[in-house]
Amino acid sequence: MAASALSVVLKRVYLAVYNWTVFTGWSLALYLALKTLKETGYGHVYKSVEKPLQLAQSAAVLEILHSLVGLVRSPITATLPQILGRLYITWGILWSFPGQTQTHILVSTLVFSWSITEVVRYSFFGTKEALGFAPSWLLWLRYSTFFLLHPIGVTSEIGLIYIALPDIKESEKYSIKMPNKWNFSFYFFYAAIFTIGIFSIGSFFMFQHLCRQRNKALSKPKIV
C-alpha cells in the first residue's frame with residue numbers, strides 16, 4: 001500500500017517537473033518571438049527562437065513514452081502523429097532547409113500558434129499534477145484555443161513545407177538514388193508532397209478529435 005502511494009507521488013512529481021520545464025521552454029520561445037517581431041521583424045524570428053523551439057519540441061518525444069507506459073491517459077494513436085508531425089517541421093523542414101523557410105512570415109505564425117498552445121497545455125497539466133486540479137479558466141483555455149490556433153498552425157506547417165519544396169528538390173538531401181546495394185530508392189521531395197496531403201487530411205480528423213476532447217472535458221464539473 002505504501003509502495004503504491006509512493007509510486008503515485010513520484011509519478012505526479014515527475015510529470016509536474018516535466019510539464020513546467022517544457023512550459024518554460026515554450027514561454028521563452030514565445031517571449032523571444034514577440035520581442036524579435038517588435039524589434040527587428042519577422043525575418044529574424046526563427047534565429048531568435050531556434051534553440052528553445054528545438055529543445056521544447058524534441059522534449060515532447062518523452063510524451064510518446066509516457067503514453068506507452070501508461071503514465072498518462074492520452075492514447076498513443078493521437079499522441080504519436082502530433083509529435084512526429086511537429087518534429088518533421090522542426091527538424092525535417094526548418095532546420096534542414098533554411099534557405100526560404102527560416103525568414104518567411106509563416107515561421108512567426110507557426111511559432112505563435114505552437115507556443116501559445118503549448119504554454120496553455122503544459123501549464124494546465126503542470127497545475128493539475130502539482131495541485132490535483134486546474135482552475136476553470138485554464139481548463140477552458142486548454143480546450144478552446146485550438147479553434148483559432150489549430151487552423152493557423154496547420155496552415156503554417158503546410159505552407160512551410162511547400163516553400164521548402166524547391167530547396168528539397170534541388171539539394172536531394174535525405175534522398176536515396178538507384179542503383180545501390182539495397183536496390184531501394186527514396187525521394188524526400190515526393191515524400192514532402194505526400195506529407196502535405198497527409199497534413200491536410202489529418203488536420204480535419206485532428207480538429208474533430210479536439211472537438212470531442214473539448215466536449216468531454218467541459219461537460220465535467222469545473223473547479224473554480
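Because the structure is predicted, anything quoted here is derived from the model rather than measured. Throughout, numbering of the chain's residues begins at 1 and tracks the sequence.
Cluster annotation: Leu160 is not connected to Met206 through the hydrophobic network of ILVMFWY side chains, with a link wherever side-chain heavy atoms come within less than 4.5 Å.
Under 3.5 Å, the side chains of Ser96 and Tyr174 contain a donor-acceptor pair of N or O atoms. In the model, Ser156 has a side-chain atom that pairs as donor or acceptor with a side-chain atom of Thr109 under 3.5 Å.
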Practice item. Start with the C-alpha gap between Phe199 and Ile89, add the side-chain angles, then the distance that decides, and say whether side-chain contact (heavy atoms from CB on, under 4.5 Å) holds. Key: CA-CA 11 Å; Phe199 274 39; Ile89 297 296; 4.0 Å; yes
Exercise for review: Before giving the answer on side-chain contact (heavy atoms from CB on, under 4.5 Å), spell out for Leu37 and Ser108 the whole-Å C-alpha distance, their side-chain angles and the decisive distance to 0.1 Å.
Suggested key: CA-CA 8 Å; Leu37 189 64; Ser108 297; 4.1 Å; yes
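Other residues, nucleotides and ligands contribute only 12 or fewer heavy atoms inside 6.0 Å of the CG atom of Asn183.
Sorted pairs that involve residues 192-207 and meet salt bridge (charged side-chain N to carboxylate O under 4.0 Å, His left out), not counting sequence neighbours, are lacking altogether. For residues 83-103, every residue pair satisfying the salt bridge (charged side-chain N to carboxylate O under 4.0 Å, His left out) rule, not counting sequence neighbours, is listed here: Arg86-Glu118. For residues 9-29, every residue pair satisfying the side chain to side chain donor-acceptor pair (under 3.5 Å) rule, not counting sequence neighbours, is listed here: Tyr14-His66, Tyr18-Glu63. Residue pairs meeting the salt bridge (charged side-chain N to carboxylate O under 4.0 Å, His left out) criterion with at least one partner in residues 21-44, sequence neighbours excluded, are Lys35-Glu39.
If you look at Phe23 and Tyr122, their ring centroids are not closer than 6.0 Å.
Atom OG of Ser48 and atom CG of Leu32 lie 5.5 Å apart (nearest 0.5 Å). Taken to the nearest 0.5 Å, the CZ atom of Arg121 stands 14.5 Å off from the CG atom of Leu141. Note: Leu30 CG to Phe112 CZ = 6.5 Å, rounded to the nearest 0.5 Å.
Applying the ring pair (Phe, Tyr, Trp, His ring centres under 6.0 Å) rule to Trp140 yields no partners; only residues at least two apart in sequence or on another chain are considered. Listed by chain and number, the residues in a side chain to side chain contact (heavy atoms under 4.5 Å, CB included) with Ala191 are Phe186 (sequence neighbours excluded). Pro179 is linked by a side chain to side chain contact (heavy atoms under 4.5 Å, CB included) to nothing, counting only residues two or more places apart in sequence or in another chain. Legend: residues meeting side chain to side chain contact (heavy atoms under 4.5 Å, CB included) with Phe205, ordered by chain and number and at least two apart, are Ile201, Gln208. In this view, Lys177 and Glu172, Tyr187 satisfy the side chain to side chain contact (heavy atoms under 4.5 Å, CB included) rule, not counting sequence neighbours. Applying the salt bridge (Lys or Arg N to Asp or Glu O under 4.0 Å) rule to Lys51 yields no partners; only residues at least two apart in sequence or on another chain are considered.
In this structure a side-chain-to-backbone donor-acceptor pair under 3.5 Å is present from Ser175 to Phe188. The backbone N or O of Ile64 lies less than 3.5 Å from no partner atom in the side chain of Thr79, so there is not a single donor-acceptor pair.
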Mind listing the side-chain donor-acceptor pairs of residues 161-169 below 3.5 Å, one per line with the distance, residues two or more places apart or on another chain?
none

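By the 6.0 Å and 45° rule, Lys128 does not stack over the aromatic ring of Phe133.
Counting heavy atoms from C-beta outward, Glu157 and Tyr88 have side chains that stay 4.5 Å or more apart.
In this structure, Leu148 shares a hydrophobic cluster with Ile152, the cluster being traced through Ile, Leu, Val, Met, Phe, Trp and Tyr side chains under 4.5 angstrom apart.
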